[in-house]
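Heads up, the thing below is written out as structure tokens.
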Amino acid sequence: MSASLGILMLAATIAAAEPNVTLYQLQENCEKLAAETFNRETADDEDRVDYQAHYNARLKKCLYAETYISPTPVGINMWVYVSDLEENRIYGGFHRSTNIGFFYCNLEDKECHSEAEWNELVKPYMED
């Protein structure tokens with residue numbers, strides 16, 4: 001089975017969210033889809049360093065947070081994006097630059113300016 005077909009089948013399983021599919025199964029499918037996505041995309045991007053998957057039962061979405069870290073001559077740039085794997089939609093993210101002391105984030109229609117604010121904004125998406 002090709003990797004693309006496998007991913008499509010996983011996405012269809014998650015999207016269906018049939019009543020007989022348990023929350024545990026949905027989370028397992030989400031984690032598997034996230035791992036496949038990360039492993040496939042990381043092959044071409046050495047700055048992509050980590051990910052987290054979470055099936056949000058309230059939103060009925062497989063959410064995916066991926067982290068990029070890019071060293072610079074005078075510090076580190078770090079980005080985190082939260083997206084819906086099934087819809088390929090980015091909800092938001094944050095950018096921190098240690099060399100210029102910059103931090104900015106947004107999640108849907110909300111902005112924030114600290115990692116603590118980011119953690120509060122992202123909690124309803126990545127924890128439930």
Side-chain angles (χ1 to χ4, degrees):
M1 175 184 335
S2 74
S4 304
L5 181 59
I7 290 171
L8 287 174
M9 290 174 59
L10 270 174
T13 301
I14 293 169
E18 297 175 22
N20 61 343
V21 176
T22 67
L23 184 57
Y24 175 79
Q25 290 169 313
L26 292 168
Q27 181 63 32
E28 287 291 310
N29 290 343
C30 181
E31 288 175 12
K32 187 172 182 181
L33 180 59
E36 290 175 358
T37 300
F38 182 78
N39 291 330
R40 182 183 65 248
E41 294 178 4
T42 302
D44 299 327
D45 190 347
E46 63 189 40
D47 291 343
R48 185 178 278 134
V49 296
D50 197 15
Y51 74 95
Q52 177 186 0
H54 176 67
Y55 182 80
N56 186 304
R58 179 179 52 83
L59 298 174
K60 297 183 177 144
K61 303 279 183 191
C62 176
L63 300 177
Y64 175 71
E66 62 183 358
T67 303
Y68 297 77
I69 295 178
S70 177
T72 70
V74 293
I76 295 174
N77 286 314
M78 179 173 155
W79 296 267
V80 174
Y81 297 102
V82 174
S83 61
D84 177 338
L85 279 178
E86 297 159 321
E87 295 178 5
N88 197 24
R89 174 180 171 234
I90 295 176
Y91 282 84
F94 81 74
H95 175 218
R96 177 176 58 215
S97 177
T98 60
N99 57 326
I100 59 173
F102 176 78
F103 187 94
Y104 176 77
C105 67
N106 72 322
L107 191 60
E108 297 204 88
D109 62 344
K110 297 180 176 90
E111 292 184 7
C112 63
H113 300 282
S114 73
E115 198 158 351
E117 289 178 18
W118 167 256
N119 290 336
E120 286 303 310
L121 278 179
V122 79
K123 190 182 284 188
Y125 294 83
M126 298 303 290
E127 301 174 13
D128 71 344

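Numbering starts at 1 and runs along the sequence shown. Remember, predicted model here, so these are calculated numbers, not experimental data.
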Provide the closest heavy-atom pair for Glu86 versus Cys62 in the form atom of the first, atom of the second, distance.
OE1-N, 3.7 Å

Donor-acceptor pair, Thr98 side chain versus Ile76 backbone, under 3.5 Å?
yes

Kindly give the heavy-atom pair with the smallest separation between Ile100 and Ser97, and that separation in Å.
CG1-OG, 3.4 Å

For the CG atom of Leu121 and the NZ atom of Lys123, what is their distance to the nearest 0.5 Å?
11.0 Å

Give the cluster check for Tyr81 versus Trp118: same hydrophobic cluster or not, with ILVMFWY residues linked at side-chain heavy-atom distances below 4.5 Å.
no

Do Asn99 and Asn77 come close enough that some side-chain heavy atom pair is under 4.5 Å?
yes

Same cluster for Met78 and Tyr91 if Ile/Leu/Val/Met/Phe/Trp/Tyr side chains link at under 4.5 Å?
yes

In terms of heavy-atom contacts, Leu59 and Leu63 come closest through CD1-CD1, 4.3 Å

Nearest 0.5 angstrom please: Arg48 CZ to Thr37 OG1, how far?
9.0 Å

If we only count heavy atoms from C-beta on, is the His54 to Gln27 side-chain gap below 4.5 Å?
yes

CD/Glu115 to CD/Glu120 distance, rounded to the nearest 0.5 angstrom?
12.0 Å

Tightest non-hydrogen contact, residues Cys105 and Ser114, listed as SG-O, 4.5 Å

Using 0.5 Å steps for rounding, measure from the NZ atom of Lys60 to the CG atom of Asp84.
14.0 Å

Please answer whether the main-chain N or O of Pro124 pairs with a side-chain N or O of Asn56 as donor and acceptor at a distance below 3.5 Å.
yes

Atom NZ of Lys32 and atom CD of Gln25: how far apart are they, to the nearest 0.5 Å?
13.0 Å

Decide salt bridge (Lys or Arg N to Asp or Glu O under 4.0 Å) for Glu117 and Lys110; before the verdict, give the C-alpha distance in whole Å, the side-chain angles of both, and the deciding distance to 0.1 Å.
CA-CA 10 Å; Glu117 289 178 18; Lys110 297 180 176 90; over 6 Å; no

Using the side-chain hydrogen bond (donor to acceptor under 3.5 Å, both in side chains) rule, pick out the option among His113, Arg96, Glu111 that qualifies with Tyr104.
Glu111

Are Phe94 and Tyr68 grouped together when hydrophobic residues (ILVMFWY) are joined by side-chain heavy atoms under 4.5 angstrom apart?
no

What pairs with His95 under ring pair (Phe, Tyr, Trp, His ring centres under 6.0 Å), at least two apart in sequence or on another chain?
Trp79, Phe102

same_hphob_cluster(Phe103, Val80) at 4.5 Å side-chain heavy-atom cutoff:
yes

Can a side-chain donor-acceptor contact be found between Glu28 and Tyr55 if the only test is distance below 3.5 angstrom?
no

